[in-house]
Each structure stands twice: as C-alpha cells, then as structure tokens.
Amino acid sequence: MAAMVDLPVFIRLGRGGDPIEIGTVEFDMSGDGTVTFNRSRIADLLRAVADAVEHPEQEVSDASARR
C-alpha cells in the first residue's frame with residue numbers, strides 16, 4: 001500500500017538568520033520504500049508562497065500550498 005511522505009521546504013533570505021519553513025510537499029512512497037519525487041509539487045508550493053508575498057491581503061489556503 002502506498003504511503004505519503006511530507007518534505008518540509010525552508011527558505012532563508014540573505015546569509016544571516018535562520019531559515020523558516022514555508023510549507024511542506026507530499027510525495028508518494030511505495031510499499032518498498034521508494035519515494036516518487038515530483039518537482040511540480042515543489043513548484044506549486046513556491047508559486048503559492050510567492051503569491052502570498054506579492055499579495056499579502058489575499059490568504060493562500062494551506063490546501064493550495066500542499067500538493
């Protein structure tokens with residue numbers, strides 16, 4: 001049976017400071033432990049974060065950031 005694995009995604013601006021978690025991306029893991037890495041899910045997360053930064057008055061739902 002397939003399972004899901006959450007991969008946290010962090011961002012740090014500049015050279016100082018601690019990175020902050022901007023979301024998580026779910027990946028499929030097969031029964032033998034193989035994880036299917038899907039770059040489009042990471043791109044979707046980054047687009048949702050960029051939209052939230054550019055338009056802070058519009059909330060980006062957690063569902064749209066997690067794909």
Side-chain angles (χ1 to χ4, degrees):
M1 179 176 187
M4 298 300 289
V5 176
D6 286 333
L7 173 70
V9 178
F10 294 84
I11 190 168
R12 181 178 71 192
L13 298 176
R15 297 179 191 264
D18 294 326
I20 58 170
E21 185 174 333
I22 59 172
T24 59
V25 179
E26 289 184 344
F27 293 100
D28 299 321
M29 180 172 31
S30 65
D32 66 358
T34 303
V35 175
T36 303
F37 189 80
N38 187 329
R39 288 184 284 178
S40 67
R41 290 183 182 173
I42 295 174
D44 290 342
L45 170 68
L46 294 175
R47 282 187 199 94
V49 170
D51 287 344
V53 169
E54 187 173 8
H55 306 286
E57 66 281 358
Q58 298 174 0
E59 289 192 26
V60 177
S61 71
D62 189 46
S64 68
R66 294 179 60 139
R67 295 182 191 222

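Position 1 is the first residue of the sequence; numbering continues from there.
Rounded to the nearest 0.5 angstrom, Phe37 CZ and Thr34 OG1 are separated by 15.0 Å. Rounding to the nearest 0.5 angstrom, the gap separating the CZ atom in Arg41 from the CG atom in Asp28 is 5.0 Å. Of the inter-residue distances, the one linking Met29 atom CE with Asp6 atom CG reads 10.5 Å to the nearest 0.5 angstrom.
Using a 4.0 Å cut-off between charged side-chain N and carboxylate O, Asp44 and Arg47 make a salt bridge.
When every heavy atom of Arg12 is checked against every heavy atom of Gly17, the shortest pair comes out as CD-O, 3.2 Å.
At a threshold of 4.5 Å between non-hydrogen side-chain atoms, the residues Glu21 and Val9 do not count as touching.
Partners of Ser40 under the side-chain contact (heavy atoms from CB on, under 4.5 Å) rule, at least two apart in sequence or in another chain, are Asn38. Under the side chain to side chain donor-acceptor pair (under 3.5 Å) criterion, Asp18 pairs with no residue, sequence neighbours left out.
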Any chance you could lay out the side-chain contact (heavy atoms from CB on, under 4.5 Å) test for Ile42 and Phe27, step after step, and finish with the verdict? CA-CA 10 Å; Ile42 295 174; Phe27 293 100; 4.1 Å; yes
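Note on Leu45 and Ile20: same hydrophobic cluster, where clusters join Ile, Leu, Val, Met, Phe, Trp and Tyr whose side-chain heavy atoms are under 4.5 Å apart, directly or indirectly.
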